[in-house]
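Step one of this worksheet: look at the structure below.
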2 protein chains.
Amino acid sequence: MIILSKLADYGVIVATHLAAYPDRQVTAGTVATETRLPQATVAKLLKALAHAGLVTAARGAGGGYRLARSATSISVAEVVAAIDGDIGLTQCSVHVDECARTTYCPTRPHWAAINRAVGQALSAISLDAMLTPAAFVPRTFPSANPSQPDEPRFSA
Amino acid sequence: MIILSKLADYGVIVATHLAAYPDRQVTAGTVATETRLPQATVAKLLKALAHAGLVTAARGAGGGYRLARSATSISVAEVVAAIDGDIGLTQCSVHVDECARTTYCPTRPHWAAINRAVGQALSAISLDAMLTPAAFVPRTFPSANPSQPDEPRFSA
DNA sequence: CTATTAATGGACCAAATCGGTCCGAATTCG
DNA sequence: CGAATTCGGACCGATTTGGTCCATTAATAG
């Protein structure tokens, strides 16, 4: 399974690209060619980012996009949320009321905690951090089953 | 956006239900009625879990499913992986070779770390832990931007 | 030995979502 | 003032997902 949609992935690339050249007004087409991504898709992504207030848009000739805030103050989580909507682990995380078996489901309370962990992992990295070549290493979780023989793979 | 697919969510519910009654042979139909989930879907899920070796299946009259291992030694991550496949954050996480712009993409190395964080968050909780009424509280991550005014919501 | 029960594997269909394209509104420059 | 340019939003096709069903194999009961 893949957690981030292709669009969200591209969105982070685009946002990071903008972060690399702060205070430069760039058109969607320019970003597309520079990032080697399809033009129409980049345009759509920038629209979503603008709608979320992460980038500012200027129309007309000589217009374009630029980051609304500093690269250090924008997290990856915000970019993803701007494109794919708010992050929730499960269906009932997002639409709480639509789950008919809320009363029977013993698992639901536990999702909240995992959810928060994922969210914080994504919030912990700013666009600025994405630009640095060295990888950010988050603090690891304590494993509930340390001597587990075959853990599922989490490929990088 | 929703991280876990509905099927994976249901899968955890089913697996947790099995964990609640260890060493009891249950048919797919029984699990379906007891969990209030659609029968055909539960059957499909149990097939997948059996294929992954998480549950053992017995055919014929008096047959059914049961957990292959103890509830404490099966993590939520394993259940999810059994249904949705191995967990990867982005497309290129799973199919590394299919990303044509690997050389241009500065974000890719960073995904690995986030990826690992998500995976460990899911591995940290066993089916046994899912049964306990009190919520498990994972250790929180350090935030890269502590004074962030409007973080995206991570609904529970 | 036969009938019944239940998992297994597969094909199959409908619906939702995703990725992508197009045209219209707004703005700046000549 | 008008034409070029660029964002904004509606729209559409295709892949994926969620879900169902049937034929087959296997095991137990009578």
Side-chain angles (χ1 to χ4, degrees), chain A residues 1-11 13-14 18 24-33 35 37-66 68 80 82-86 88 90-92 94-95 98-99, chain B residues 1-14 18 24-33 35-68 80 82-85 88 90-91 94-95 98:
Chain A
M1 75 164 300
I2 288 147
I3 295 181
L4 260 59
S5 71
K6 204 190 285 186
L7 248 354
D9 188 6
Y10 289 171
I13 296 178
V14 167
L18 286 186
R24 180 180 70 135
Q25 193 96 323
V26 237
T27 72
T30 307
V31 174
T33 54
T35 56
L37 294 175
Q39 289 203 352
T41 303
V42 171
K44 185 173 193 168
L45 289 170
L46 285 168
K47 268 182 262 181
L49 294 177
H51 193 76
L54 295 179
V55 302
T56 60
R59 299 214 250 194
Y65 293 96
R66 72 175 61 189
V80 172
I83 292 165
D84 279 359
D86 282 347
T90 61
Q91 196 93 27
C92 55
V94 181
H95 312 105
E98 283 181 20
C99 183
Chain B
M1 76 165 299
I2 288 147
I3 294 181
L4 260 60
S5 71
K6 204 190 286 188
L7 247 356
D9 187 7
Y10 289 171
V12 176
I13 295 178
V14 167
L18 286 185
R24 180 179 71 137
Q25 193 96 325
V26 237
T27 72
T30 306
V31 174
T33 54
T35 56
R36 270 91 175 172
L37 294 175
Q39 288 203 355
T41 302
V42 170
K44 187 176 194 169
L45 289 171
L46 284 169
K47 266 187 260 184
L49 293 177
H51 194 76
L54 295 179
V55 303
T56 61
R59 298 215 249 194
Y65 293 96
R66 72 173 64 187
L67 283 189
V80 172
I83 292 165
D84 279 359
T90 61
Q91 197 93 28
V94 181
H95 313 103
E98 284 181 19

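Reminder, nothing fancy here: chain letters follow the sequence lines and each chain counts from 1.
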Exercise. For the side chain of A:T41, starting at C-beta, report the closest nucleotide among D:dT20, C:dG19, C:dG20.
Key: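 In terms of side-chain proximity for A:T41, the closest of D:dT20, C:dG19, C:dG20 is C:dG20.
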Return the value, rounded to whole Å, for the distance between atom [atom1] of [X] and atom [atom2] of [N].
X: A:L7; N: D:dT16; atom1: CG; atom2: C1'; value: 15 Å
X: A:Q39; N: C:dC22; atom1: CD; atom2: P; value: 12 Å
X: A:D84; N: C:dA16; atom1: CG; atom2: P; value: 19 Å
X: B:Q25; N: D:dA27; atom1: CD; atom2: C1'; value: 12 Å
X: A:K6; N: D:dT15; atom1: NZ; atom2: P; value: 11 Å
X: B:I3; N: C:dT17; atom1: CD1; atom2: C1'; value: 17 Å
X: A:I83; N: C:dT17; atom1: CD1; atom2: C1'; value: 16 Å
X: A:L4; N: C:dT17; atom1: CG; atom2: P; value: 18 Å

Practice problem: Any chance you could list the contact pattern along nucleotides 1-14 of chain D? Use B for base contacts, S for sugar-phosphate-only contacts and - for none, protein heavy atoms under 4.0 Å, 5' to 3'. | Solution: ----BBBBB-----
Exercise. Taking side-chain contact (heavy atoms from CB on, under 4.5 Å) as the test, write out the residues that go with A:A61, two or more places apart.
Key: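 So A:A61 forms no side-chain contact (heavy atoms from CB on, under 4.5 Å) with any residue.
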Practice problem: Sequence neighbours left out, what passes side-chain contact (heavy atoms from CB on, under 4.5 Å) with B:A28? Give chain and number order. | Solution: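 Here the qualifying residues are B:A43, B:L46, B:Y65.
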Partners passing side-chain hydrogen bond (donor to acceptor under 3.5 Å, both in side chains) against [X] (at least two apart in sequence or in another chain):
X: A:T30; result: A:T27
X: A:Q25; result: A:R66
X: B:R59; result: none

Practice problem: Can you measure from CG (B:L37) to OH (B:Y10) and round to the nearest 0.5 angstrom? | Solution: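 Rounded to the nearest 0.5 Å, the CG-OH separation comes to 6.0 Å.
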